[in-house]
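Have a look at the structure below before the remarks.
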Amino acid sequence: QVQLVESGGGLVQAGGSLRLSCAASGRTASDYAMAWFRQGPGKEREFVAAISRSGRNTYYADSMKGRFTISRDNAKATLYLQMSSLKPEDTAVYYCAAEEVYNDLIYKLVGTYNYWGQGTQVTVSI
């Protein structure tokens, strides 16, 4: 079983940038497809970006394309989300997720993932 711990959230002005990190422990990180999701106030959890085991394949929600970059360092067992050109509507709790897979595909559905971090708050002010 893998444990996930997010960090890097905070308060940022619109147009600014943040980099979120998700440290994985307990199992070999490269055995897991991983993703970022977010949940805004009063909203359902939504997909942000996903990355395959190797890191070669990535996929983004339309509203994040060109602004967010997902990456991973399997040697450091860490997942990243570089966010730029942030908007107030990006305000949410951001969660990393992992699922053990045996391929190099990406997965974007919440229900695919069995392992979740506790979340990190990102607040974007006007």
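Owing to the predicted nature of the structure, the values given are computational and were not obtained by experimental measurement.
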For the residue pair D104 and S54, what are the closest heavy atoms and their distance?
-> OD2-OG, 2.6 Å
Do the side chain of E6 and the main chain of C96 share a donor and acceptor less than 3.5 angstrom apart?
-> yes
Answer yes or no: is there a donor N or O on one side and an acceptor on the other, between the side chain of D31 and the main chain of R53, under 3.5 Å?
-> no
Side chain of R67, backbone of S85: donor and acceptor closer than 3.5 Å?
-> yes
Does one hydrophobic cluster hold both L86 and M64, with members joined at side-chain heavy-atom distances below 4.5 Å?
-> yes
Might you work through the side-chain contact (heavy atoms from CB on, under 4.5 Å) test for V48 and Y95, ending with a clear yes or no?
-> CA-CA 9 Å; V48 174; Y95 298 90; over 6 Å; no
Sidechain-backbone polar pair: N57 side chain, I106 backbone, donor-acceptor under 3.5 Å | no
List the steps, then state whether side-chain contact (heavy atoms from CB on, under 4.5 Å) holds for R19 with L81.
-> CA-CA 6 Å; R19 188 175 83 156; L81 185 68; over 6 Å; no
Would you check if the side chain of E46 reaches a backbone N or O of R38 as a donor-acceptor pair within less than 3.5 Å?
-> no
For L18 and Q82, the nearest pair of non-hydrogen atoms, with its separation, is O-NE2, 3.6 Å
E89, CD atom: more than 12 neighbouring heavy atoms under 6.0 Å = yes
Looking at the rings of F47 and F37, which for Trp means the six-membered one, are their centres under 6.0 Å apart?
-> yes
Side-chain heavy atoms of R72 within contact of T78, under 4.5 Å = no
Sequence neighbours excluded and cut-off under 3.5 Å, please list the side-chain donor-acceptor pairs for residues 20-27, or say none.
{"from": "R27", "atom 1": "NH2", "to": "E100", "atom 2": "OE2", "distance (Å)": "3.2"}

Please check if the side chain of D73 supplies one atom and the backbone of K76 the other of a donor-acceptor pair under 3.5 Å.
-> yes
Heavy atoms from other residues, nucleotides or ligands near NZ of K65 exceed 12 (cutoff 6.0 Å) | yes
Flag the pair Y32 / V2 as yes when at least one side-chain heavy-atom distance between them is below 4.5 Å, and no otherwise.
-> yes
Side-chain contact test, heavy atoms from C-beta onward, threshold under 4.5 Å: evaluate it for I51 versus R56 and give yes or no.
-> no
Heavy-atom check, side chain of W116 versus side chain of R45, under 4.5 Å | yes
Could you go through the side-chain contact (heavy atoms from CB on, under 4.5 Å) check for V122 and M83 one step at a time?
-> CA-CA 10 Å; V122 172; M83 305 185 293; 3.9 Å; yes
Could you label the plane-to-plane angle of the Y113 and Y107 rings as parallel, tilted or perpendicular, counting under 30° as parallel and over 60° as perpendicular?
-> perpendicular
Apply side-chain contact (heavy atoms from CB on, under 4.5 Å) to I70 and Y59, showing your working.
-> CA-CA 8 Å; I70 189 171; Y59 186 83; over 6 Å; no
Can you check whether G9's main-chain N or O pairs, donor with acceptor, with T120's side chain at less than 3.5 Å?
-> yes
L79 and S71 have their tightest heavy-atom pair at CD1-O, 3.3 Å
Flag, side chain of W36 to backbone of Y80, donor-acceptor distance under 3.5 Å = yes
